[in-house]
Each structure stands twice: as C-alpha cells, then as structure tokens.
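Okay, structure first, notes after.
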Protein chains: 2
Amino acid sequence: MLTNWLKYMVKKIKQAPAEEKILDAARQVFMAKGMSGARMQDIADAAGINKALLHYYFRSKEKLFERIFIDAFDKLFPKLGSIIESKDTVFKKIELICSEYINQLQLMPYLPVFVISEMNRHPEVFLHQVWGRKKPPLKAFVELINASIKNGEIKPVNPLQVLLNIISLCIFPPMAKPLFQQIAGISKKGFDEMLEERKKIVPQIIIQPLKK
Amino acid sequence: MLTNWLKYMVKKIKQAPAEEKILDAARQVFMAKGMSGARMQDIADAAGINKALLHYYFRSKEKLFERIFIDAFDKLFPKLGSIIESKDTVFKKIELICSEYINQLQLMPYLPVFVISEMNRHPEVFLHQVWGRKKPPLKAFVELINASIKNGEIKPVNPLQVLLNIISLCIFPPMAKPLFQQIAGISKKGFDEMLEERKKIVPQIIIQPLKK
DNA sequence: GTCTATAACTCGATAGAC
DNA sequence: GTCTATCGAGTTATAGAC
C-alpha cells in the first residue's frame, strides 16, 4: 500500500513541472496569436517539450485553449473585495479601485483584447464553459454605490454605468497602445507617461460627477 | 476604336459587382474570425462565388486581408471635420463628437476589436501599409482644445488625455458588449438601453472637468 | 512520461476547360 | 470572368517504441 502511495507522489512530482510549463507556454502563444493563429508546435517549442506531449496532457488543442481562456477570463476582474470592505470613504475606494486596476492591466496588456476577441469568435466555448461559473465580484461594487446613494454620500446614478465608465477608462487605453501611438504620433515612452498620469486623472473623472 | 472602348466598359461593368461582393463578404468574414480564423472558402460562400475567383481578383489571402484591414483602420476614425469647423462652442462640439461617434460604432461594433487584435498580430502588415498614410483627423481636435485653453474657455488640460478619454468611453462599451452582459447579468436589450443613455452621459463626463 | 514517425485532414493556391 | 479538379504545404492527432 505504501508503495502505491509512493508511486503516486513520485508521479505527481515529476508531472507537475511539465504541466505548468505547458500552461505558461500556451498562455503566451494563445494570447499573442489567438486560438486559430496559434500552432501546437509553437506551444511545444515555447514549453521546451514535444508536440505529442501536449496531447498527452490536454487531449486536444481545443481543450487546452478552453483551459487558458477560462483562466484569462477570471483574471480580467481583479479581486476588489478588500478594497470595498475597507473603512475608507466611497471616493477613496473608487480611487483605489481605479489605480489598482490600471496597475494590474499594465502587467497584462494583452489580456482584454484576447478575451474579447475570442469571446466573439467562439461563443460556444464561452457559453458552455464560462456561463454559470462564479460571477466576478461586481455585485459588491453595485451594492457599494447603491448604499452610498441611499445614505446621501453621492448623487443618484446608475451603478452599472459607473462600472462601465471605470472599466472603459482603465481597460481600453493599455489595449489600444499601438493604435493610439500611431494616430497620435507619440512614442512608447510618451504613452507610458500618459498611462502613469491616468492613475490620477481617471479617479477624478469618475468621482466628480458623483459629488453633490 | 469604339469597339475597344465598348469592350473595356463591358468588362468594367461586369467586373464591378463581383469585386464588390467579394469585398463585402471578406469584410464580414475577416471581422468575425480574424485573419487566421477566416477561410477563403467561407468568404467565397458568403460572396456566392467560387474560391478560385477570389484568387483571380486578389491573388492571395494576405493581399485581400490587407485591403480589408486598411479600409477598416480608416473607418475607425469618423470624419469630424464639419463638427470641429462649425460655429458651436467647444462644449457643444465635444457633445456632438461623442454622440456621433457612439452612433457610428453601433453600426460597426466589431471594427475596433478587429483592428486592435490584428494590429498586435501582424505588425509587419501594419507598419508597411498603414504607417505613412494620411493620418486620422485628430490634429484638428488637438488644436481645438489648445485654442480653447488659450482663449480661456476651458481649463488647461492635456488634449491627448481628453481624446483618449473620449475614445475609451465611446469605443470600449460596444466592443465589450458580450463581456459586460455576462459579468453584469443583463440582456442585450438592457445593454442597448445603457448605450443609448450613454449618448448623454459621456459628453457630461468629458465636459465637466473642462469647465472652469 | 517522453519521444519519433506517420496517418488523416484542412486549406491556400494553381491549372485548365468553358 | 467563372468554374471544376487537384496539388502540395502545413497541422492536428495518434500509434508505438523506449
């Protein structure tokens, strides 16, 4: 009996690194080229292993993609629980949410466009796998806004519009970096400075219309 | 001599519809599936013609894609000349720009994500074909803001940040429609109503911080 | 678990008849 | 200009040795 357990653990330990390497490689390749642009060979190369091994671990390209896509979808909405539950004012909370969000997205600028474009392209995957899973933590946000309206801290507004404004102002700029650089004729560095400046600008834009 | 001219015109007339049909079909298919996800067969089917004819008109998939991509890139920035050159106040102009932009994007919600994701994936195409072409009409916008600052109509601000805010608040919501519906748990109709409401909200958000 | 070799298939592109 | 038929490169997926 002990030997069986030992065999299992040895298997587990040897197994883990390959699986992790594959997931990291797949994430990178799928994000850069999308589902249909990515090649299993690219992923194998990036993981430093053989093509056949990908199928050993994940059976098919589609299964591997679904795994990566769902992980990405979940990552798109940062954990805001601690900010919302803190003792700060609504205004301070919104300020923290915005700058936290902008910071997160600087680390993964390709995530939003990957999720959105693949969502349009594979509604089946999306509906079957993502629908019905745990929802992102926006309920808490909506309740925060509604409570603040009730106790008179802020003007009456549609919480979903506020949320959509925050998301738009935080997510869009990093994903449009190459586009905006082109049309505005500015350098990468110039754009990064704009993003930095936005950590102050965005909260102001969001908060000002809420003040009485 | 007259016969040659006749032959030429007949050729032209017969040719035009097929070429147009192909371009319409290609636009539709490329936007939905991207360069690597689109199949020449899909495009041929959508155009109601044969696969070989695509190559007759556009030589290769890549050439056809470039044509569609460049057209799309140009369409992403609406002609704002007439609004900017009008006799309205800056505030009225911004209001018109926002609602005009939101209207345009409702008609082509897939355009932005198509342009952005393909731009990330094929920087070569982008640099060779789009770079160096006529720039979108944002120079006029920047000058409008700067002039309004100088003559004291609005507070001093970075015109590019104002532009980025407008673009973010107008472009992102329609392109994130499926995503936002999912996380907010609302219907298509509910989201469309939000978009309608935004034609008033967005200009307010942009204008308020500019007022003295 | 990991590899090599190869089967099975998809898709862009071309040849050639009309 | 438009079609049918087909080639050939490139890809996913599997069989089978180690």
Side-chain angles (χ1 to χ4, degrees), chain A residues 3-26 29-30 32-69 118 121-122 124-125, chain B residues 3-30 32-69 118 121-122 124-125:
Chain A
T3 46
N4 273 348
W5 177 81
L6 259 177
K7 273 183 187 168
Y8 172 80
M9 286 308 292
V10 168
K11 200 174 148 189
K12 260 288 187 195
I13 288 163
K14 287 183 74 176
Q15 180 180 328
E19 203 166 323
E20 276 308 309
K21 273 194 297 181
I22 291 173
L23 285 173
D24 284 347
V29 174
F30 276 132
K33 308 193 180 188
M35 162 65 175
S36 53
R39 303 285 154 236
M40 294 297 263
Q41 187 65 61
D42 300 337
I43 298 174
D45 292 348
I49 56 152
N50 192 275
K51 227 174 36 167
L53 214 51
L54 296 179
H55 290 92
Y56 175 80
Y57 279 104
F58 296 94
R59 259 235 340 259
S60 71
K61 183 184 176 181
E62 195 166 334
K63 290 241 186 302
L64 180 53
F65 173 78
E66 283 186 13
R67 170 68 178 271
I68 297 297
F69 178 80
E118 295 301 328
R121 266 163 223 176
H122 312 276
E124 341 79 48
V125 175
Chain B
T3 49
N4 273 346
W5 175 82
L6 259 177
K7 274 183 188 169
Y8 171 80
M9 286 307 291
V10 168
K11 200 174 148 187
K12 259 287 186 197
I13 287 164
K14 287 183 72 175
Q15 181 179 330
E19 204 167 322
E20 275 308 308
K21 273 194 297 181
I22 291 174
L23 285 173
D24 285 347
R27 210 180 337 269
Q28 182 189 322
V29 175
F30 276 132
K33 310 195 179 185
M35 163 66 176
S36 54
R39 303 287 156 239
M40 292 297 263
Q41 187 64 60
D42 301 337
I43 297 174
D45 291 348
I49 54 151
N50 191 274
K51 221 174 47 164
L53 214 51
L54 297 179
H55 289 92
Y56 175 81
Y57 280 104
F58 296 94
R59 259 231 345 257
S60 71
K61 184 183 177 183
E62 194 166 335
K63 290 244 185 298
L64 180 54
F65 172 78
E66 284 186 14
R67 169 67 179 273
I68 297 297
F69 178 81
E118 297 300 329
R121 264 161 224 176
H122 313 277
E124 342 77 48
V125 175

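Sequence lines set the chain letters: A, B, ... in the order given, protein chains first and strands last, and positions in each chain run from 1.
A ring-centre distance under 6.0 Å is not found for H122(A) and F69(A).
Without hydrogens or angle criteria, E118(A) side chain to M35(A) main chain gives a donor-acceptor distance under 3.5 Å.
The distance from atom CG of L53(B) to atom C1' of dC3(D) is 9 Å, rounded to the nearest whole Å. Going from atom CD1 of I22(B) over to atom C1' of dG1(D) covers 11 Å, rounded to whole Å. Between I49(B) atom CD1 and dT4(D) atom P there is a gap of 12 Å when expressed in whole angstrom units. Rounded to a whole Å, the CG atom of L54(A) is 10 Å from the P atom of dC3(C). Between I43(B) atom CD1 and dC11(C) atom P the separation is 12 Å, expressed in whole Å. As a whole-Å value, the separation of L64(B) CG from dC11(C) P is 17 Å.
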Pairs under 3.5 angstrom, nitrogen or oxygen only, protein versus nucleotides 11-18 of chain D, please.
unit_1, atom_1, unit_2, atom_2, d
dT11(D), OP1, R39(A), NE, 3.4
dT11(D), O5', R39(A), NE, 3.4
dT12(D), OP1, M40(A), N, 3.4
dT12(D), OP1, K61(A), NZ, 3.4
dT12(D), OP2, M40(A), N, 3.2
dA13(D), OP2, H55(A), NE2, 3.1
dA13(D), OP2, K61(A), N, 2.8
dA13(D), N6, K51(A), NZ, 3.4

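In this structure, the side chains of M40(A) and H55(A) come closer than 4.5 Å at one or more pairs of heavy atoms.
Partners of K33(B) by salt bridge (charged side-chain N to carboxylate O under 4.0 Å, His left out), not counting sequence neighbours, listed by chain and number: D42(B). Listed by chain and number, the residues in a salt bridge (charged side-chain N to carboxylate O under 4.0 Å, His left out) with R67(B) are D71(B) (sequence neighbours excluded).
Between the side chains of Q28(B) and D24(B), not a single donor N or O lies within less than 3.5 Å of an accepting N or O.
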